[in-house]
Amino acid sequence: MRYISTRGKAPKLNFEQAVLTGLAADGGLYVPESLPLFSSKEIASWQKLSYQELMLVVVQPFVDGEIEEAELKQIIAKSFDGFRHAAIAPLVQCGHNEWVLELFHGPTLAFKDFALQFLGHLLDAILARRKQKLVVLGATSGDTGSAAIEGCRNCENVDIFILHPWQRVSDVQRRQMTTVLSDNVFNIAVKGNFDDCQNLVKKSFADQSFLADGRQLVAVNSINWARIMAQIVYYFYAALALGGPSRPISFSVPTGNFGDIFAGYLARQMGLPVEQLIIATNQNDILHRCLRANDHSKHELIHSISPSMDIMVSSNFERLLFDLYERDGAVVSKLLADFESGSMSLSEAALSKARDVFSSSRLDDQQTLDTMRSVYDSTAYAADPHTAIGIAAARQCRSNQATPVVCMATAHPAKFPQAATQALPASEYQLPAHLSDLLERAERYEVIENNSSELHEYMRKNL
Ligand SMILES: *Cc1c(COP(=O)(O)O)cnc(C)c1O
């Protein structure tokens, strides 16, 4: 399997290279040159598989023999060691033909553990074989950071530096990162917002000369192909649990960087009968505006009570654009250049293709809280604010009540006490036992200005 850039000008890579590379040299994102297509019969034959066994069959075509089956199996097994639910991704019903898929039973209580537990073990295995060490550098608006740190804290061949916007992440989110005191883990609070953090990361990747010889950066943000790939699996898992593939299914996905929902799109392209993919956003609604009114322009960032979706730009949307424009890298480059200078507008053909699959909705904080309350009142289900946005969007956008809709429950409510205290009884958002003393644990992190030389100085000192 080869991987190509969405902007058409970077070298083709194999799986391992794509995992280690992150952003392509031409500024694009790597995607598989072609997707595996599974027949209905083949998918149906997976009904008996455990989550881990299912993951093996879904990801094997992408890895394409570069990692031997026995080793891949082991990497997958290790990736779910830290999950605290036997089903890994259990379904809970919250309305007629309406379900939530709980993706928060991993070590950091958010769905990002699915991708980042896997990526950590995958990187360590690849690097051990290459006798190489790498530096993970990433930015987080909250959940990515802790999931990446948990994924890498025991890696022999990785040092990890995670930037978060100073005083812009919840105490629980910050402490899930800063209380990991491993020697290879470095937390940095930047005086700026999430996009400032992302820009610092981008600049560092573009010019890595600040690193000592032989050192190299690797990205674990949601543009990393291995993350998207790992997330495809739970779409199959949920569909199989609800009678797929002989029955179509819809998904509603709380969306920020468009990584999670893009994995759902890929599952559909790979043969899973997905009827609707519902993009659920908060006030940072660039994707909703794009789909509804062809308005893909940057707006000021709004800080919401669903902070893990507070973004101005959805990086993975570029991967969808590439498909909407018949995989023409030159057109994608042109669109992204337009967007750099303010906004891009899609062709009617591209928009209508997107609308065939995707619907969208946007919720403000009040509507999010109202949904948390009404879901709790009607089912006693405690949804976190991100999950609530997904549930509300599903209810607004569903085109067919006969098709089951699965709402991705992307985080545990205890991660977002600011919203939970306003909408749920206290007993519903307690931290689980393994994190119950989180607020008392010692922390370690560095506060820096929004300035790349200060960042590079700190990294050099600690490597
Ligand atoms: C990251 C995150 C999202 C958004 O996921 P994307 O892949 O960026 O669209 C939604 N909810 C929670 C809780 C998250 O941590």
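Residue numbers start at 1 and run along the sequence shown. Order of listing sets the numbers, starting from 1, for every ligand and every atom in it.
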Heavy-atom distances under 4.0 Å are what count here, so tell me which part of Phe111 touches ligand 1: side chain, backbone, both or neither.
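It is the side chain that gets close, since no backbone atom is under 4.0 Å.
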Could you list which atoms of ligand 1 come closer than 4.0 Å to a heavy atom of [X]?
| X | answer |
| --- | --- |
| Thr255 | 9 (O) |
| Lys112 | 1 (C), 2 (C), 3 (C), 14 (C), 15 (O) |
| Met309 | 10 (C) |
| Gly259 | 6 (P), 7 (O), 9 (O) |
| Thr410 | 10 (C), 11 (N), 12 (C), 13 (C) |
| Pro254 | 4 (C), 10 (C) |
| Ala411 | 13 (C) |

Looking just at side-chain N and O atoms, do Asn257 and Asn316 make a donor-acceptor pair shorter than 3.5 Å?
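Asn316 and Asn257 do not have a side-chain donor-acceptor pair below 3.5 Å.
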Cationic N near anionic O, under 4.0 Å, [X] to [Y]:
| X | Y | answer |
| --- | --- | --- |
| Arg441 | Asp437 | yes |
| Asp81 | Lys78 | no |
| Asp171 | Arg174 | yes |
| Arg7 | Asp26 | no |

Determine whether Phe38 and Val57 satisfy the following criterion, side-chain contact (heavy atoms from CB on, under 4.5 Å), listing intermediate values before the conclusion.
CA-CA 10 Å; Phe38 302 119; Val57 295; over 6 Å; no
Do any nitrogen or oxygen atoms of [X] lie less than 3.5 angstrom from nitrogen or oxygen atoms of ligand 1?
| X | answer |
| --- | --- |
| Asn257 | yes |
| Gly256 | yes |
| Phe416 | no |
| Ser222 | no |
| Asp260 | yes |

I want to check something: taking the side chain as every heavy atom from C-beta on, are His386 and Phe104 in contact at a cut-off of under 4.5 Å?
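Counting from C-beta outward, His386 and Phe104 never come under 4.5 Å.
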Please walk me through it: do Ile160 and Ile149 pass side-chain contact (heavy atoms from CB on, under 4.5 Å)?
CA-CA 7 Å; Ile160 177 166; Ile149 287 168; 4.1 Å; yes
Met408 and its side-chain contact (heavy atoms from CB on, under 4.5 Å) partner, picked from Ile391, Ile261, Leu103, Thr255:
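Among Ile391, Ile261, Leu103, Thr255, the one that satisfies the side-chain contact (heavy atoms from CB on, under 4.5 Å) with Met408 is Leu103.
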